[in-house]
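For reference, the structure is listed below as structure tokens.
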4 protein chains.
Amino acid sequence: MKTRDKIIYTSLELFNEHGERNITTNHIAAHLGISPGNLYYHFRNKEDIIRSIFALYHDHLESGFQPYEGEPISIELLINYFDAMFYAMWEFRFMYANLSDILSRDEELKKLYLAAQKQVLTRSSQILIKLNQDGVLSIEQDEIIPLTETMKMIVSFWIGYKQIHSIDTRITKTSLYEGLLRLLMIAKAYSTPDSRATFVRLEQHYRRLAASPTAQSV
Amino acid sequence: MKTRDKIIYTSLELFNEHGERNITTNHIAAHLGISPGNLYYHFRNKEDIIRSIFALYHDHLESGFQPYEGEPISIELLINYFDAMFYAMWEFRFMYANLSDILSRDEELKKLYLAAQKQVLTRSSQILIKLNQDGVLSIEQDEIIPLTETMKMIVSFWIGYKQIHSIDTRITKTSLYEGLLRLLMIAKAYSTPDSRATFVRLEQHYRRLAASPTAQSV
Amino acid sequence: MKTRDKIIYTSLELFNEHGERNITTNHIAAHLGISPGNLYYHFRNKEDIIRSIFALYHDHLESGFQPYEGEPISIELLINYFDAMFYAMWEFRFMYANLSDILSRDEELKKLYLAAQKQVLTRSSQILIKLNQDGVLSIEQDEIIPLTETMKMIVSFWIGYKQIHSIDTRITKTSLYEGLLRLLMIAKAYSTPDSRATFVRLEQHYRRLAASPTAQSV
Amino acid sequence: MKTRDKIIYTSLELFNEHGERNITTNHIAAHLGISPGNLYYHFRNKEDIIRSIFALYHDHLESGFQPYEGEPISIELLINYFDAMFYAMWEFRFMYANLSDILSRDEELKKLYLAAQKQVLTRSSQILIKLNQDGVLSIEQDEIIPLTETMKMIVSFWIGYKQIHSIDTRITKTSLYEGLLRLLMIAKAYSTPDSRATFVRLEQHYRRLAASPTAQSV
DNA sequence: TATGAATGAGGTTTCATTCAT
DNA sequence: AATGAATGAAACCTCATTCAT
């Protein structure tokens, strides 16, 4: 792996572990065993690193929330979507935890973030529309956008919510699965008689994951 | 007003205006026209000030979310609850905006916060139970707690959500009223035929406030 | 002496000794035996210190180049003017040596400098006019301004010229007296039959000072 | 062109444009599309580059200020001298602007510079002597050296003087022509009845150049 | 000749907190 | 109660130069 990439992944790891505010560029360099000068050879400044991490995050969202096409709807397909959400929340959890702080210091990044969120909203609502058409969900036309927004809001703040509501600040996979289960609960409310069983099975799937020992460690 | 109190209220004002991270203890002292030494005579450190502000916040929650008793339910009574929410969100908006940041630096405060939240949850659900009994709402027994939690979550993160989703970081009263309207929307979904009109009037009330010119300035 | 003033005078001393570019804020603090933080308590940044030194310089110019009034012209009076020039050049020699460098980094200071120079030009030409009227000099009306400018230019760059034209970079009083003698030579060219003897005596005076042992050390 | 020469000319260009202090070795390499390592293959360090530029400057002075011999004096010949001065000032303007700074960091270069200046002084005074003999100028024997020195001083510091006395730091050809006109003014003061007309025409020549549009851009 | 990643000392600045008065 | 000067650790960043390839 190239040093540039090592810096990105090490930063991501340290940010996730300790919070972006507590990790200095010197920490990152020391953790990698390189000089601060070298870090600044690869990145103009700390913001530059964060933006590169954001690009990674953006790529993931881009590929994970494509409306499905030409394939029959299946439980695996739904699992894909929820897994993509989980991956985003877990792999970039520092962003969810410190978002307003980070964005308030980087106007440029904020614009990128807003654009990305707009896209996510569009994509997600398209998926819901498709699921509606395919008889998996039954949502009134004018409730699709608000519902998408609500779900996005829950995803956005679940980590912050969890961090505030437990003594231990560390984020576990279990707590993220709990967040997914909340989303599922909401979605299930719009399920059709045909799809209800599918949602029940989805719930069981993620409840199992939430309870698994590795998910409970940090 | 005593110096100690002046420090608390000035800090609150400055934190709300510029964010706690951007206000140093020297800023507070300078804004008050006192010396930093004097500030540290009254408070052991910055956290100590924040805890005192939190005590104020706690007092407000305590008094604002008492289940009503012995009086007939009325629209004024509901308005009281929503106004209390608004007041808390507005007057202590820096807490809502920087909560995870603040709590992550002060374990002690976090414990106090958790205890307070627990109490709020209890009180709020009691209020919902009472409204259920009085025929204002119609919620299944086992949905009361989750519903309360959802509402609390929305209140907790509305400001953060708003801040992230607009270029302008400043918080306006209008955006807080929009948050209240979201809560009302959710509550209305559980209204009874008898109470529906009341909720409609409540919505009109807060929509009017949201649109008022003074609410839109910063 | 107050710390603030100590910082100003120590900075001036170190700047004169080693050049402003080679003196860091840490050097200044260390030389004074104070913490860098303390230095930044008294001054916002390095530019702020330089501006304060400039204010000192400005004050000196202000008081040293007042046109004389109501008193008969005398050799002492002329010596006063030349001594004021010498004092400015010696006491603030780092400014003369590094002016373009310093001004190129501080637009604000540049404006102040330009304003000050304008004033100096006005004052100096007024003095020449007065000397003309009193029969000390005999300059054609339209040559007064150019002559003043030439003299100002020599004063401005004498130190830079000297520094460039000798191996030893250190500035000695002797070399500054040599600069004054150049100015005198120019002025003498405009002397009247009556005043010629006075200029000769002035030359002798400064030649003596230039040759004195203390003036030759650094 | 060889890489070594490309480095020299690019450095000269960048130094002239932005000042030597603001151009890093990395800037130079980047501007050339070569690696910093390669730059350091050709030059031991930054000073080494500056010295090579100085050699170029030296060559120019050498060839531009030869006393004329065996040819009759003419206005073209005088123009040649002034053009050589202009060329030196324009092509190596960063040296004139940052001379004391540069020399203070490189003792070796300073020695070379002093030797070159000595030569220039000799050559220039020889030219003045010749012009005196040919009846173009009428200078007292013992004033030739001081006059030469004065003219050299004006050439040396004209750029610095201009930079300090205007808000805009950029050097234009116009301002250099103004410098030449100052020199001419001084020389004209020593012109003979026969040569006066020649000097007037020289002035007209350079005034025209100063006013030309291309000379006023940067 | 050339690459380009890497070094590391050093510079400016911030800020919660302390302490003598 | 109050002053305000002082502390010092720590943050971010720059740049001439080196070195393995």
Side-chain angles (χ1 to χ4, degrees), chain A residues 2-4 6-7 21-30 32-49 105, chain B residues 2-4 6-7 20-30 32-50 105, chain C residues 2-4 6-7 21-30 32-49 105, chain D residues 2-4 6-7 20-30 32-50 105:
Chain A
K2 294 277 184 63
T3 298
R4 194 191 146 81
K6 277 196 219 159
I7 292 171
R21 248 349 229 269
N22 305 311
I23 295 299
T24 72
T25 49
N26 278 359
H27 285 138
I28 299 168
L32 272 167
I34 67 173
S35 66
N38 193 11
L39 185 148
Y40 279 88
Y41 171 77
H42 291 284
F43 294 90
R44 281 179 42 239
N45 50 37
K46 202 182 174 189
E47 282 182 0
D48 198 11
I49 300 175
R105 276 177 291 137
Chain B
K2 295 274 185 65
T3 298
R4 193 189 148 81
K6 278 197 220 158
I7 293 171
E20 183 264 338
R21 245 358 223 268
N22 304 311
I23 295 298
T24 71
T25 48
N26 280 359
H27 281 139
I28 299 167
L32 270 168
I34 67 169
S35 66
N38 195 9
L39 185 148
Y40 276 86
Y41 174 79
H42 290 285
F43 293 91
R44 280 182 40 239
N45 50 34
K46 203 182 175 188
E47 284 177 2
D48 197 11
I49 300 175
I50 295 172
R105 277 178 290 138
Chain C
K2 293 278 184 62
T3 298
R4 194 191 148 81
K6 278 195 218 158
I7 292 171
R21 254 339 233 274
N22 305 309
I23 295 300
T24 71
T25 49
N26 278 359
H27 285 138
I28 300 167
L32 272 168
I34 66 171
S35 66
N38 193 9
L39 185 147
Y40 278 86
Y41 171 75
H42 291 284
F43 294 90
R44 283 181 39 240
N45 50 36
K46 201 183 173 189
E47 283 181 1
D48 199 11
I49 299 176
R105 277 177 291 137
Chain D
K2 294 276 185 60
T3 299
R4 194 189 146 81
K6 277 196 221 160
I7 293 171
E20 183 263 339
R21 243 4 221 263
N22 304 310
I23 294 299
T24 70
T25 49
N26 280 0
H27 281 138
I28 299 167
L32 270 168
I34 67 170
S35 65
N38 194 9
L39 185 148
Y40 276 85
Y41 173 79
H42 290 285
F43 293 91
R44 282 179 42 238
N45 50 36
K46 202 184 176 188
E47 285 177 0
D48 198 11
I49 300 175
I50 295 172
R105 277 178 290 138

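Basis for what follows: all heavy atoms, side chains included, without hydrogens, waters or symmetry-related copies. Here is the naming used below: chain letters follow the sequence lines, and residue numbers restart at 1 for every chain.
- Between the N38(B) side chain and the I34(B) main chain, no donor and acceptor come within less than 3.5 Å of each other.
- Closest to the side chain of N26(D), from the set dT17(F), dA2(F), dA2(E), is dT17(F).
- Across all strands shown, the partner of dA16(F) is dT7(E), judged by Watson-Crick or G-U wobble contacts whose two distances both fall under 3.5 Å.
- Of all the heavy atoms in F43(B) and R4(B), the pair that sits closest is CE2-NH1, 3.5 Å.
- Base-pair partner of dA2(F): dT21(E) (Watson-Crick or G-U wobble, both distances under 3.5 Å).
- Listed nucleotides dT3(E), dA6(F), dT7(E) differ in distance to I34(A); the shortest reach to its side chain belongs to dT7(E).
- Residue contacts shown for T24(D) are limited to sugar-phosphate atoms, with no base heavy atom under 4.0 Å away.
- Comparing dA5(F), dT13(E), dT18(E) against the side chain of Y41(C) picks out dA5(F) as the nearest.
- If you check dA9(F) for Watson-Crick or wobble pairing at under 3.5 angstrom, you find it paired to dT14(E).
- Taking the side chain of N38(C) as heavy atoms from C-beta on, and the options dA5(E), dA1(F), dA6(F), the nearest nucleotide is dA6(F).
- For S35(D), counting side-chain heavy atoms from C-beta on, the closest listed nucleotide (dT7(F), dA2(E), dA16(E)) is dA2(E).
- Put simply, the side chain of T3(C) does not reach to within 4.5 Å of the side chain of Y41(C), judged on heavy atoms.
- To the nearest whole angstrom, the two C1' atoms, one in dT21(F) and one in dT1(E), are 13 Å apart.
- Dashed line: the shortest gap from a side-chain N or O of Y40(C) to OP1 or OP2 of dT14(E) is not under 4.0 Å.
- The nucleotide whose nearest atom lies closest to any side-chain atom of P36(D) is, among dC12(F), dG4(E), dT13(E), dG4(E).
- The phosphate of dA2(E) (OP1 or OP2) has a side-chain N or O of H42(D) nearer than 4.0 angstrom.
- Heavy atoms of T25(D) sit under 4.0 angstrom from at least one base atom.
- N45(A) comes within 4.0 angstrom of the backbone, heavy atoms only, and of no base.
- Residue R105(C) places its CZ atom among more than 12 non-hydrogen atoms of other residues, nucleotides or ligands, all under 6.0 Å distant.
- Nearest heavy-atom pair across A29(A) and L39(A) is N-CD1, 4.0 Å.
- In terms of phosphate contacts, T3(A) brings a side-chain nitrogen or oxygen within less than 4.0 Å of OP1 or OP2 of dA6(E).
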